[in-house]
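See structure below.
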Amino acid sequence: MGTEQRALFIIFGGTGDLAKRKLYPSLFNLYRKGFLNENFAVIGTARRPWTDEYFQKVVTDAINSEDALAEDATQFASHFYYQSHNVNDTEHYITLRNLADKLDRKYEIGGNRMFYLAMSPRFFGTIAEHLKSQKIVTTEGYNRVIVEKPFGRDFASATELNDAIGRYFPEKDVFRIDHYLGKEMVQNILAVRFGNNLFRALWNNRYIDNIQITLSEALGVEERAGYYETAGALRDMVQNHILQIVALLTMNMPASYSEEDIRREKIYALKSLKKYTPAQVQANFIRAQYTAANGQRGYREEEKIASDSATETFVAGKLFVDNENFSGVPIYVRTGKRLSQKRSRIDIAFKTMPTNIFAPQPLGQNVLTINIEPEGKIFLQINVKQVGQGFTLKKSHLDFFPTSNGKQVFPEAYEKLFADALAGDATNFTHWEEVAYSWKFVDAIRTAWDQHDYALEEYPCGSMGPVAADKLLARDGHKWFYTGQEH
Ligand code: NAP
């Protein structure tokens, strides 16, 4: 059971998709695991005029509990209150403060407040300002604000957004969500790297040949078309999730497993990303759009998408982290929609032996694969002797596939991140400087694409992207280890 926490959650965007799909189920799991017990309450706010009863029904429906848990779910939902509220209306914050203070007393919360901004970032500044001016922030407990992605659409807008929040909340109280950091297998990167002398010793440019990161989605833009048209794969996936994974893979060893030390090294890794000139962007980054195939529509035929849209639904690139241990190691990344499978996977390819005593038999490369999803597993490709007479080498795997009672059940990323935020631990949230360096790197690519007539490639739905993404590696004598088939 977890350590019981006291907190009042105020969720802005309480009627929204994210709240229903992720936040309420995650809070329920924390309740069942004892992180939340009697001393908590949740205020959901949004404009529509819901009653508390209706809101509680939405919450129980959202957590979709099985019959055996129905009593738990009802008890849990009784801590939920709804406040109809337009975030631009100052009067509404006064009502919100009165309700918050009342619930604080009723549940003996001690002034701890968690403000979750699950709505469009354009409202973040005004919400932060009102929370302060209308004294919804307390003096006796903590006041933490959790903000959702996207955190800006470039460095300039992210800075503006950060300043708007930072005027009222210090950096230590701002928890920027990148839900990849809450994933079990992403958190395993540090365990593998810094818990095993074997890997610690080899984790550098003397032994690592190249790194590959693939975040592929089988779905298209679905109902997010409006947002996606203005974002594209580079902003939607590379600036945050992919660069966070790059930072975890290439950061130097922190002095301790602590928020301060880990974030410091991650910031340093992101600061060390090699910045590209426009010509280097053209040579090292590929953008593409999906076209109709396998009974699926092309991107330009999707609803709410312009028929001449130039938004990329796929990106592949080669990047470098120019720190002492990683300079010279190509890091190949790719992400896209309507690819053959949904999969998030990292491959770390080690250099082959400098001498091969088994020649002319070839030696396979040692490859460490961290599969993030759909299944979480780690496997290491090694060379072994084939059983029997003679001496023939073959490739084999050492596997780690964590299960419990034969099933793989990981806590939902949001559940882990909520628990961290309640404990005041921001290790798995992105620091402003990480966001800033990531945007600076991405802005250089975006600007080159916007200012030059670089190709927008095409790929058929159900493939693993355009041929150009394969050529990017072939040029260096490499190929993607993940080919779009289940491993
Ligand atoms: P959504 O379903 O459109 O929800 C937006 C929420 O904001 C609704 O509850 C809406 O309720 C409320 N709202 C809008 N204008 C308001 C106003 N003036 N005053 C008060 N409330 C207002 O969006 P979402 O998908 O939940 O996403 C929320 C945020 O999370 C976005 O920034 C999104 O980019 C981010 N995000 C979402 C997901 C996801 O899976 N959904 C994943 C990652 C990040 P009313 O209409 O009742 O006011």
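Quick caveat, the model's predicted, so the values are computed rather than measured. Whatever order the structure lists them in is the order used to number ligands and atoms, beginning at 1.
The aromatic rings of Phe76 and Tyr31 sit tilted relative to each other, their planes meeting at an angle between 30° and 60°. The aromatic rings of Tyr54 and Trp50 sit perpendicular to each other, their planes meeting at more than 60°, with 30° as the lower class boundary.
If you number the atoms of ligand 1 from 1 as listed, the ones under 4.0 Å from a heavy atom of Pro121 come out as 32 (O). Listed by number with element, the atoms of ligand 1 under 4.0 angstrom from any heavy atom of Pro150 are 34 (O). Under a 4.0 Å criterion applied to the non-hydrogen atoms of Met119, ligand 1 contributes the atoms 7 (O), 13 (N), 14 (C), 15 (N), 16 (C), 17 (C), 20 (C), 21 (N), 22 (C), 28 (C), 29 (C), 31 (C), 32 (O). Those atoms of ligand 1 that come under 4.0 Å of a heavy atom in Thr15, given as number and element, are 8 (C), 9 (O), 10 (C), 11 (O), 45 (P), 47 (O). In summary, the atoms of ligand 1 found under 4.0 Å from a heavy atom of Gly16, numbered by their order in the structure, are 2 (O), 4 (O), 8 (C), 9 (O), 26 (O).
Aromatic ring centres of Phe12 and Phe124 lie farther apart than the 6.0 Å criterion allows. Aromatic rings of Tyr290 and Phe314 (six-membered ring for Trp) have centroids beyond the 6.0 Å cut-off, not under it. For His241 and His179, the ring centers sit closer than 6.0 Å to each other.
Residue Arg48 has at least one N or O atom closer than 3.5 Å to an N or O atom of ligand 1. Of the N or O atoms in Leu18, one or more lie within a sub-3.5 Å distance of an N or O in ligand 1.
With Phe151 as the aromatic partner, Arg176 meets the cation-pi criteria of under 6.0 angstrom to the ring centre and within 45 degrees of the ring axis. Remark: Arg224 is not positioned above the aromatic ring of Tyr228, lacking an NZ or CZ atom under 6.0 angstrom from the ring centre and at most 45 degrees off the axis. A cation-pi contact, defined as under 6.0 Å to the ring centre and within 45° of the axis, links Lys183 to Tyr180.
Contact between Arg235 and Arg153 at its shortest, heavy atoms only, is NE-O, 2.7 Å. Nearest heavy atoms, Ala421 versus Phe429: CB-CZ, 4.0 Å.
No side-chain heavy atom of Gln212 sits under 4.5 Å from any side-chain heavy atom of Ile346.
Proximity of Arg21 to ligand 1 is established by a heavy-atom distance of less than 4.0 Å. Under a 4.0 Å heavy-atom criterion, Phe12 is not in contact with ligand 1.
Among protein heavy atoms, the minimum distance from atom 19 (N) of ligand 1 is reached at Val87 N, 3.1 Å. Ranking protein heavy atoms by distance to atom 18 (N) of ligand 1, first place goes to Asn86 OD1, 3.1 Å. When only non-hydrogen protein atoms are considered, atom 20 (C) of ligand 1 lies nearest to His85 O, 3.2 Å. Of the protein's heavy atoms, Gly13 CA, 3.6 Å lies nearest to atom 6 (C) of ligand 1. In this structure, atom 33 (C) of ligand 1 lies nearest to the protein heavy atom Lys149 O, 3.7 Å. In terms of protein heavy atoms, atom 25 (O) of ligand 1 is closest to Asp17 CB, 3.6 Å. Taking atom 5 (C) of ligand 1 as the reference point, the nearest protein heavy-atom neighbour is Ala118 O, 4.3 Å. The closest protein non-hydrogen atom to atom 14 (C) of ligand 1 is Arg47 NH2, 3.6 Å.
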Exercise for the section: For the pair Glu229 and Tyr299, evaluate side-chain hydrogen bond (donor to acceptor under 3.5 Å, both in side chains) and give the outcome as yes or no after the intermediate values. Expected result: CA-CA 10 Å; Glu229 259 293 76; Tyr299 180 66; 2.7 Å; yes

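Residue-level proximity to ligand 1 for Tyr227 is absent, since no heavy atom of it falls below 4.0 angstrom. The proximity of Ala46 to ligand 1, defined as any non-hydrogen pair under 4.0 Å, involves the side chain as well as the backbone. For Glu148, every heavy-atom contact with ligand 1 shorter than 4.0 Å involves the side chain, none the backbone.
Per-atom contact check: atom 23 (O) of ligand 1 does not touch the protein, criterion being a heavy-atom distance below 4.0 Å. In this structure, atom 47 (O) of ligand 1 has a protein heavy-atom contact shorter than 4.0 Å.
Here the rule is ring pair (Phe, Tyr, Trp, His ring centres under 6.0 Å) with Tyr24, and of Tyr116, Tyr414, Phe80 only Phe80 fits it.
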